[in-house]
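Worksheet for the structure shown next.
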There are 2 protein chains.
Amino acid sequence: MPAQPSRKPGPPAETVTTDTDGGTPLRADAQHNRDRILEVAREAFTTQGTDVPLTAIARRAGVGPATLYRRFPTRASLISEAFAEQLSICVSVLDEALADPDPWRGLCTVIEQVCAMQATDRGFTAAFFSEFPDAVDYNRERTRAEEGLERLVRRAKDAGQLRDDFDPSDITLLLLANSGVVGESRQVSLAASRRLVAYLLQSFRPEHTQRLPPPAPLGLQQLHKARRAT
Amino acid sequence: MPAQPSRKPGPPAETVTTDTDGGTPLRADAQHNRDRILEVAREAFTTQGTDVPLTAIARRAGVGPATLYRRFPTRASLISEAFAEQLSICVSVLDEALADPDPWRGLCTVIEQVCAMQATDRGFTAAFFSEFPDAVDYNRERTRAEEGLERLVRRAKDAGQLRDDFDPSDITLLLLANSGVVGESRQVSLAASRRLVAYLLQSFRPEHTQRLPPPAPLGLQQLHKARRAT
DNA sequence: CGATAAACGGACGACACCTTCCACTTGCCG
DNA sequence: CGGCAAGTGGAAGGTGTCGTCCGTTTATCG
């Protein structure tokens, strides 16, 4: 498991995903089934992408379709839950990076970690770029992430470690590009991703003076808006 | 249509795609329908990807499903025909590049052109990376293309215009990465692709000395073999 | 023009997946 | 231990796509 950095130590993460967040606590067996479904779903999404038939997940989890649908009314809600942990890892990674005194190293770390996660996990990539209508605070997280990245970029530029014409959207660009290499075997994807990232990080350095084509409007915000239109 | 370079002038391309290549010539109306199907298919594949229901293509072409299936027994055969022209453009581009006295400029041209085609054409990307069991000489073309690229890379290195640790598979890597940006609007995709390519081309230059992670086994050959296993 | 075979498209059966309903089971609490 | 509500899974209805069959149309040629 080279791709899953340990969570940032600090305030003990309050037990998320353990039971349904809001209402009445689930009955013991129900809770068990819910966990099992999530477990199977993670596995399935990871290896086969987010298009796997929900029926198959239910079957492999040893429950009926109805059970799955009662817990997760929509496919998106299941995906959202299944990757909640991974997303929170992303946030931690970003926080770590912001805490790093060397902004360039911080930037590299975020990018490398997230890209490795993408490369090892087919479903994560899909989840990462899709919306989570259910997760109420997803938008907030997203905004926070973008702000964090922007700050990181600014600091790296100020430190003279990042080319001046670098645009925050270039990170999205890199992530999109990286998502292109996913789909082969885990090993191959990871190797390809690493090399790609290395190439790109090099070209982000300030020594480069050659002019670039203008950045594309690729904020995660716009990206999601565009996808929605499709 | 900024992405479709004109075909290389030279021996007048013998009329492909005009009628069924081998057997009895088609009846006039049949030929017309066939053309119309291909036209619609190209459009549909380009804008919606290669997963569009064949029934929809038939309907939009004003023919019954049976007609489509009679002409193109499998989905792959339709895709293959629909993108035959584009693929031949790729080959021409490569030939042009090989003819260029400046190998670096040649390399840039191939990459930029093909990436632009990918970025403007959703279906092309899928077609490019998928197999064509029908097209007998597809394998031959592919091999030829790989050999050509290898030669181009070699020449560029010998001319001191390409970093020494560049691997031919890095071109595949770049194309895969580029395919990741497809999916947004045509404009956005193209802008993103251009910037990505610019970044990567810069990092291919020989001034870079920092060590890279090893190349991934991404020959088009292996790639297709791996996909087949999926 | 008229015969003939090629070509056509509507309709249909098969299949996969989604989603809901409902009669039955079972954990939980008094 | 017993009743009840929460929970369950199988079965069934719905939808969309695939791929084919077959009666009808129509281009082509004499």
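Naming convention: chains lettered A, B, ... in sequence-line order (proteins, then strands); numbering from 1 in each chain.
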Whole angstrom is fine here: how far is it from [atom1] in [X] over to [atom2] in [N]?
X        : N       : atom1 : atom2 : result
Arg36(B) : dA7(C)  : CZ    : C1'   : 18 Å
Phe72(B) : dA7(C)  : CZ    : P     : 13 Å
Gln48(A) : dA16(C) : CD    : C1'   : 16 Å

Would [X] and [Y] pass as an ion pair if we require N to O under 4.0 Å?
X         : Y         : result
Glu112(A) : Arg194(A) : no
Arg144(B) : Glu147(B) : no
Arg71(B)  : Glu81(B)  : no
Arg75(A)  : Asp51(A)  : no

Examine the side chains of Thr67(A) and Asn33(A) and answer whether a donor and an acceptor come within less than 3.5 Å of each other.
->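 Absent: no donor and acceptor within the cut-off.
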
Go along nucleotides 24-30 of chain C 5' to 3' and tag each nucleotide: B for a protein heavy atom under 4.0 Å from its base, S when only backbone or sugar atoms are that close, - otherwise.
-> --BSS--

Do the non-hydrogen side-chain atoms of Leu200(B) and Leu173(B) ever get within less than 4.5 Å of each other?
->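 When only atoms from C-beta onward are counted, Leu173(B) and Leu200(B) do not touch, as no gap falls below 4.5 Å.
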
What parts of residues 57-71 of chain B reach DNA chain C, counting only heavy atoms under 4.0 Å away?
->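 The answer is Gly62(B), Val63(B), Gly64(B), Ala66(B), Thr67(B), Arg70(B), Arg71(B).
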
Range on DNA chain D touched by chain B, heavy atoms, distance below 4.0 Å |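 Result: dT17(D) to dT28(D).
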
Would you tell me if any nitrogen or oxygen in the side chain of Asn33(B) comes within less than 4.0 Å of OP1 or OP2 on dC8(C)?
->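 Result: yes.
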
Exam field: side chain Ser92(A) to backbone Ser88(A), donor-acceptor pair closer than 3.5 Å |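 Flag set: sc Ser92(A) to bb Ser88(A) pair under 3.5 Å.
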
State the OG1-CZ distance between Thr50(A) and Phe124(A), to the nearest 0.5 angstrom.
->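 The OG1 atom of Thr50(A) sits 12.5 Å away from the CZ atom of Phe124(A).
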
Can you check whether Phe204(B) and Tyr199(A) have ring centres sitting under 6.0 Å from each other?
->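 Yes; Tyr199(A) has its ring centre under 6.0 Å from that of Phe204(B).
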
For the student: nearest non-hydrogen atoms of Gly123(A) and Phe83(A), plus distance |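 Here Gly123(A) and Phe83(A) meet closest at C-CZ, 3.4 Å.
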
